[in-house]
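Taking it in order: structure first as structure tokens, then the write-up.
Here is how names work: the chains are called A, B, and so on, in the same order as the sequence lines, proteins then strands, and each is numbered from 1.
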Number of protein chains: 2
Amino acid sequence: MRMAGARRHTLRDIAATLNLSVNTVSRALSGKDGIGEETRARVRAEAERVGYVPNSMARSLVLGSAMTFGLAITNPSNPFYAQLISTIETRARSHGYSLLLTVTEESEEHEMRAAESLLRSSVSGSIVVPVQSGTEAWRRLGSVGVPTVLINRDLPDLGYRFVGTDNELGGYRATSHAIERGARSIVVLEEDLPITTIDHRIAGFRRAMAEAGLPVPRGSIMRVPTRRHEQAALPWQPQQAYQVARRMLRRTRLPDAVVAGNDYFALGLYRALEEHGLKVPDDMMVIGFGDHPFSAFLSPPLTTVRLPAEEIGTIAVDLLLEEISGTPIARPLKQLIAPTLVERGSTQRS
Amino acid sequence: MRMAGARRHTLRDIAATLNLSVNTVSRALSGKDGIGEETRARVRAEAERVGYVPNSMARSLVLGSAMTFGLAITNPSNPFYAQLISTIETRARSHGYSLLLTVTEESEEHEMRAAESLLRSSVSGSIVVPVQSGTEAWRRLGSVGVPTVLINRDLPDLGYRFVGTDNELGGYRATSHAIERGARSIVVLEEDLPITTIDHRIAGFRRAMAEAGLPVPRGSIMRVPTRRHEQAALPWQPQQAYQVARRMLRRTRLPDAVVAGNDYFALGLYRALEEHGLKVPDDMMVIGFGDHPFSAFLSPPLTTVRLPAEEIGTIAVDLLLEEISGTPIARPLKQLIAPTLVERGSTQRS
DNA sequence: GTGAAAGCGCTAACAA
DNA sequence: TTGTTAGCGCTTTCAC
């Protein structure tokens, strides 16, 4: 590699060989008018010939914006975020924007650095999954005029635009579904992390139980110790959920259904149940969250709440685009997308 | 949002308020010597006070390099690539480099645009998973002196550095393992895509069979129709593999073992076998590829070939760093990392 | 329709 | 130790 640096051609090079001014070449290539058709053709031909590629740095410097969106994600190995990355990159690119990705690993320290990095890079806008409740990192971005939309987890204090899943509704639907299928006693298995998504799901669970007149005794909410900080490059691990589930199975009265915070937890639960000789769904129903690609193929197939990753990513990019173009935005400041329940075998009693 | 643009402070602002030259401020902040300790302190304090953030665009423009690595990935939703992204971003950042992510969606057209985008952005180096065998897109990058390392799939014609999995060895180990466990007749289930990784795995399979003196009759290699082009934002789907597996199960003589090209295919196979009333591993052994996070928790747990994502990502970044710093690189041009077989229940006959 | 000049914010010579 | 000058490659006035 390092091919003896065949230096990149610049506008000046083209101008020189064509005996034109840099300015003319610039305007010819950028499609502006006020230029002779013939000149334009000559410039284009020469640019093509030497393989001219504009220098974004220079362009950004003078324009003040880099035609780049920043994306701050906690963990790309979480399938939900992976799909978000994919959607956002594709949509951003289709509008001419590149994507600068920063991984925050659920650490507020990384988050600070990420925000600073995006600031340095003069991103035209940024899409952020905040780590937790800390607002400091992202406040700066907004205060220097970088349009910023939060996704998945809101930071209400900032007053930024937000697009996320209606987790309360998700929790409600999952729980109601279990109740409809005959569950009276339900346990929730959630990661032990102080973030709004989880709180909302639990709130939805409580609402469904209350509406059905069912009690929510102590121990109904079980927490799976988080390992995100140690294993930020990995998705959730079923292992911890498995262990928590085993603890649950030592109880004298077992629940009829378990609503898991994500499909990996459901997977850990499946094993614990199997080892315990319990059948899903006849002995216990299981509902997951996320509709991960494996879930439809588990045995039994997992009923789960599908999260609107694509929709969230698309809206986030569109919001940025609208804000940048100055279009008045009709959408609400906070936008919650309803997740859909995917009914499968794990709640289908025969 | 768009907080009435509190303009970012520049070196000049600081210089003005402190009655210094821009240059002095620059050197004070960048830690160069030849500057009075007191001056430096004053500059730092002022920078801190106004929340100075350097402008990367300007810096890159004069330096000629953006302290950014480009990463071209086919599909972030593939767990292997997701982990690669995570590893690469983290390691790059720890050395001060940002990550510009481009998603190529297994499309050569996207790939061309991605390459051009990285070129425009003056990335300091790039890490690329090539889509297929087309070399054109990435040749440019090298020819203008951007260090480029290919990962996962090589393009031998380019002569670039390459770090990937030793898929031949992976295929060999998976197959040998099945043979050791008593399999005589083995089928391989691979995606129908003309890429080297797949070819190599199949080659390893053949070698293992040959060494054991086992025949490889027609129909031993079954192809799962690819859907990557339609569903580039999704990981592999078990569905297609399931259908191919069902076709296989209509044969009069069934294989003793199936080696799947990835764990999702194995999952599709699990269902087909279950529906057919066949038990894993007693009726048929199954081996996957990738060691996806769900695989250890399937029933039975899936024996699979673990891919060295972290190692590949780390090495790729290190190669770039070494190349940029001009360090002579001791490593071979092409580096294959051995994958490890993770033995689990799906090949453990009782 | 085209060119000359200025400047985006920064760093790297070279002077003072 | 500090300031001056020049320039990275591009776009945007404003003359011609």
Side-chain angles (χ1 to χ4, degrees), chain A residues 5 7-44 46-47 50-68 96 116 119-124 144-145, chain B residues 5 7-44 46-47 50-68 96 116 119-124 144-145:
Chain A
R7 209 183 93 275
R8 264 168 66 180
H9 291 263
T10 69
L11 286 188
R12 193 164 44 171
D13 299 332
I14 299 180
T17 57
L18 256 44
N19 263 320
L20 290 170
S21 75
V22 172
N23 181 342
T24 306
V25 176
S26 166
R27 297 225 316 276
L29 289 175
S30 61
K32 293 237 168 46
D33 46 47
I35 210 131
E37 265 320 309
E38 198 215 305
T39 316
R40 168 161 294 159
R42 281 175 58 219
V43 170
R44 287 217 169 119
E46 175 64 9
V50 301
Y52 170 73
V53 176
N55 183 326
S56 297
M57 304 297 117
R59 189 159 204 284
S60 309
L61 182 58
V62 49
L63 260 36
S65 147
M67 286 302 279
T68 296
E116 169 145 346
L119 210 47
R120 286 170 121 92
S121 303
S122 311
V123 292
S124 321
V144 298
Chain B
R7 210 185 90 278
R8 266 168 66 179
H9 291 262
T10 70
L11 286 189
R12 193 162 46 168
D13 298 332
I14 300 180
T17 57
L18 257 44
N19 263 319
L20 290 169
S21 76
V22 171
N23 181 333
T24 305
V25 176
S26 167
R27 297 225 315 276
L29 289 175
S30 61
K32 293 238 168 45
D33 47 46
I35 210 130
E37 264 321 310
E38 197 215 307
T39 315
R40 168 161 295 159
R42 281 176 56 220
V43 171
R44 287 215 170 122
E46 175 64 8
V50 300
Y52 171 73
V53 175
N55 182 326
S56 297
M57 302 297 117
R59 189 160 203 281
S60 309
L61 182 58
V62 49
L63 259 35
S65 147
M67 286 302 280
T68 295
E116 168 146 346
L119 209 49
R120 285 170 122 90
S121 305
S122 311
V123 292
S124 321
V144 297

How close or far is atom P of C:dG1 from atom CG of A:Leu29, stated in whole angstroms? 17 Å
Distance check: side-chain N/O of B:Ser26 vs OP1/OP2 of C:dT11, anything under 4.0 Å? yes
Looking at every strand, decide which applies to B:Asn55 at a 4.0 Å heavy-atom threshold: base, sugar-phosphate, or nothing. sugar-phosphate
Starting at atom CG of B:Leu11, determine the distance to atom P of D:dT4, rounded to an integer number of angstrom. 16 Å
Here's a test of your reading of the structure: between A:Arg12 and A:Val62, which maps to the more 5' nucleotide of DNA chain D? A:Arg12
Side-chain N or O of A:Ser21 less than 4.0 angstrom from OP1 or OP2 on C:dG3? yes
Please state whether the base of D:dT1 and the side chain of B:Asn23 form at least one donor-acceptor pair under 3.5 Å? no
How would you label the contact of A:Thr39 with the nucleic acid (heavy atoms, under 4.0 Å): base, sugar-phosphate, or nothing? sugar-phosphate
Round to the nearest Å and state the distance from A:Arg8 atom CZ to D:dG9 atom P. 9 Å
Working for side chain to side chain contact (heavy atoms under 4.5 Å, CB included), residues B:Val50 and B:Asp13: CA-CA 9 Å; B:Val50 300; B:Asp13 298 332; over 6 Å; no
Taking only side-chain nitrogens and oxygens of A:Lys32, does any of them come within less than 4.0 Å of OP1 or OP2 of C:dG1? no
B:Ser124 (side chain) donor-acceptor with B:Met67 (main chain) under 3.5 angstrom: yes
Any idea which of D:dT12, D:dG9, C:dG3 is nearest the A:Thr10 side chain? D:dG9
Short side-chain to backbone donor-acceptor contact, A:Ser56 and B:Arg120, under 3.5 Å: yes
Protein-nucleotide distance (B:Arg59, atom CZ; C:dC8, atom P), rounded to Å: 19 Å
A:Asn19 near the nucleic acid: base, sugar-phosphate alone, or nothing, with a heavy-atom cut-off under 4.0 Å? sugar-phosphate
Nearest-nucleotide comparison on DNA chain D, the residue closer to the 5′ end among A:Leu61 and A:Arg27: A:Leu61
Base, sugar-phosphate alone, or nothing: which one does B:Gly36 contact when heavy atoms must sit under 4.0 Å apart? sugar-phosphate
Output yes when A:Glu46 and A:Arg42 qualify as a salt bridge under the 4.0 Å nitrogen-oxygen rule, no when they do not. no
note: B:Met57, atom CE; C:dG9, atom C1'; distance rounded to Å ~ 11 Å
Just N and O in the side chain of A:Tyr52: are any of them under 4.0 Å from OP1 or OP2 of D:dC10? yes
Would you check if the side chain of B:Ser121 reaches a backbone N or O of B:Val123 as a donor-acceptor pair within less than 3.5 Å? no
Expressed as a whole number of angstroms, how long is the span from B:Leu20:CG to D:dT4:P? 11 Å
